[in-house]
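Presented below is the structure to which this report refers.
As the structure is a computational prediction, the values presented were derived from the model and not from experiment.
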Amino acid sequence: MWGDMMAYMGNYGWGHMLFGGLMMVLFWGAVIALVVFLVRSLIRGRVEVGDGVSRQRPTALDLLQERYARGEIDQQD
């Protein structure tokens with residue numbers, strides 16, 4: 001029985017089967033990670049403002065310009 005199985009498997013043994021299974025898990029893991037990365041990059045930087053409306057999150061430069069315009073900070077700060 002085992003001799004027939006080894007002949008059928010081309011003498012690669014169980015290691016070949018384990019390597020194939022590991023590569024399948026790594027492939028699907030990479031596909032899922034890519035999808036998660038793409039979805040997160042699409043929604044990153046968006047803030048819900050109510051009623052499902054979203055706007056871009058202000059950058060650090062935008063915040064500094066707003067504070068400078070309100071007089072909270074000046075060029076020496």
So, using side-chain contact (heavy atoms from CB on, under 4.5 Å) as the criterion, who are the partners of M23 when residues are at least two apart? F19, L26

My understanding is that a hydrophobic cluster links ILVMFWY residues whose side chain heavy atoms are under 4.5 Å apart, including indirect links. Using that, what else belongs to the cluster containing V25? none

For the side chain to side chain contact (heavy atoms under 4.5 Å, CB included) test, which of V36, V31, L38 pairs with L34? L38

Connected hydrophobic set around L61, excluding itself, where side chains approach under 4.5 Å: none

With sequence neighbours excluded, tell me which residues meet side-chain hydrogen bond (donor to acceptor under 3.5 Å, both in side chains) with T59. D62

The test is side-chain contact (heavy atoms from CB on, under 4.5 Å); show your working for W28 and M24 and say whether it passes. CA-CA 6 Å; W28 286 112; M24 181 180 68; 3.7 Å; yes

